[in-house]
K.L.:
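Can you read through this structure? Questions will come right after.
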Amino acid sequence: MYLIRDIMYCKAGKVRPMVEKFLAMNKLGVKIGMPKMRVMTDFCAEQYWTVVSEMEVPSLDAFEKMMSSPPGTADDMKEFEKLMQGYHDLVDRGKREIYKLEG
C-alpha cells in the first residue's frame with residue numbers, strides 16, 4: 001500500500017478556494033471509485049498557506065493507471081475539469097510525495 005501526498009503552497013488568501021476544490025474533487029472521485037482523500041491545511045508547517053491532500057493506493061501501478069485513465073464517464077471528466085479550472089491561480093507551487101506504508 002502506498003500513500004500519495006500532494007502538497008500545494010497557495011498564494012495568500014487562496015487556501016479556502018483550494019480546499020473547496022479538493023473537497024469537491026474528492027466527493028466526485030469517491031462517487032466514481034477513486035480512493036478517498038484526506039484534505040488538510042497547515043496549523044504549523046514548512047510554509048504558510050499550505051494545503052495537503054492524501055490518498056492511499058494499493059500499488060504504484062494502480063496509481064499510474066488511475067492518473068492516466070481515470071475511472072468514470074466523459075461527463076465525470078468534464079466535471080473534474082470544471083472543478084479544477086483556475087486552480088493554477090491559487091497556488092505558487094506544489095509537489096507530490098509518495099510513501100510506502102510499512103504497517
K.L.:
Which heavy atom of Asp92 sits nearest a heavy atom of Cys10, and at what distance?
P.N.:
OD2-O, 3.9 Å
K.L.:
List in chain and number order the residues that pass salt bridge (charged side-chain N to carboxylate O under 4.0 Å, His left out) with Lys65, two or more places apart in sequence or in another chain; answer none if no residue qualifies.
P.N.:
Asp61
K.L.:
Hey, quick one: are Val39 and Leu83 part of the same hydrophobic cluster, counting side-chain heavy atoms closer than 4.5 Å, chains of contacts allowed?
P.N.:
yes
K.L.:
Of all residues at least two apart in sequence or in a different chain, which pass the salt bridge (charged side-chain N to carboxylate O under 4.0 Å, His left out) check with Lys36?
P.N.:
none
K.L.:
Any link between Val30 and Phe22 through a network of hydrophobic side chains (Ile, Leu, Val, Met, Phe, Trp, Tyr) touching at under 4.5 Å?
P.N.:
no
K.L.:
Roughly how far apart are Met18 CE and Leu23 CG, rounded to 0.5 Å?
P.N.:
11.0 Å
K.L.:
Can you tell me how far CE of Met8 sits from CG of Leu90, rounded to the nearest 0.5 angstrom?
P.N.:
10.0 Å
K.L.:
Transitively linked via ILVMFWY side-chain contacts under 4.5 Å: Val91 with Val51?
P.N.:
yes
K.L.:
Just to verify, what does Arg5 make a side chain to side chain contact (heavy atoms under 4.5 Å, CB included) with, not counting sequence neighbours?
P.N.:
Leu3, Ile7, Val52, Glu54, Glu97, Tyr99
K.L.:
Can you name the residues that form a side chain to side chain contact (heavy atoms under 4.5 Å, CB included) with Thr73, not counting sequence neighbours?
P.N.:
Asp75, Asp76
K.L.:
Should the heavy atoms of other residues, nucleotides or ligands under 6.0 Å from CD of Glu64 be counted, would the total exceed 12?
P.N.:
no
K.L.:
Provide the full list of side-chain hydrogen bond (donor to acceptor under 3.5 Å, both in side chains) pairs with a residue in residues 80-91, sequence neighbours left out, each pair given once.
P.N.:
none
K.L.:
Membership question, hydrophobic clusters at under 4.5 Å side-chain separation (ILVMFWY): are Met37 and Met34 in the same one?
P.N.:
yes
K.L.:
Can you measure from NZ (Lys27) to CD (Glu79) and round to the nearest 0.5 angstrom?
P.N.:
10.5 Å
K.L.:
For Asp42, enumerate each residue passing the side chain to side chain donor-acceptor pair (under 3.5 Å) test, keeping only those at least two apart in sequence or located in another chain.
P.N.:
none
K.L.:
Go through the structure and list residues passing side chain to side chain contact (heavy atoms under 4.5 Å, CB included) with Ile98, not counting sequence neighbours.
P.N.:
Tyr2, Ile4, Leu60, Arg96
K.L.:
Just jot down the side chain to side chain contact (heavy atoms under 4.5 Å, CB included) partners of Pro35, sequence neighbours excluded, or say none.
P.N.:
Met55, Val57, Met66
K.L.:
For Arg93, give me all partners under salt bridge (charged side-chain N to carboxylate O under 4.0 Å, His left out), at least two apart in sequence or on another chain.
P.N.:
none
K.L.:
To the nearest 0.5 angstrom, please state how far the OG atom of Ser59 sits from the CE atom of Met1.
P.N.:
9.5 Å
K.L.:
What salt bridge (Lys or Arg N to Asp or Glu O under 4.0 Å) pairs are there with at least one residue in residues 7-21, not counting sequence neighbours?
P.N.:
none
K.L.:
With a 4.5 Å cut-off on side-chain heavy-atom distances among I, L, V, M, F, W and Y, is there a chain of contacts connecting Leu101 to Phe63?
P.N.:
no
K.L.:
Ignoring hydrogens, what is the shortest heavy-atom contact between Gly72 and Met77? Give both atom names and the distance.
P.N.:
CA-CE, 4.4 Å
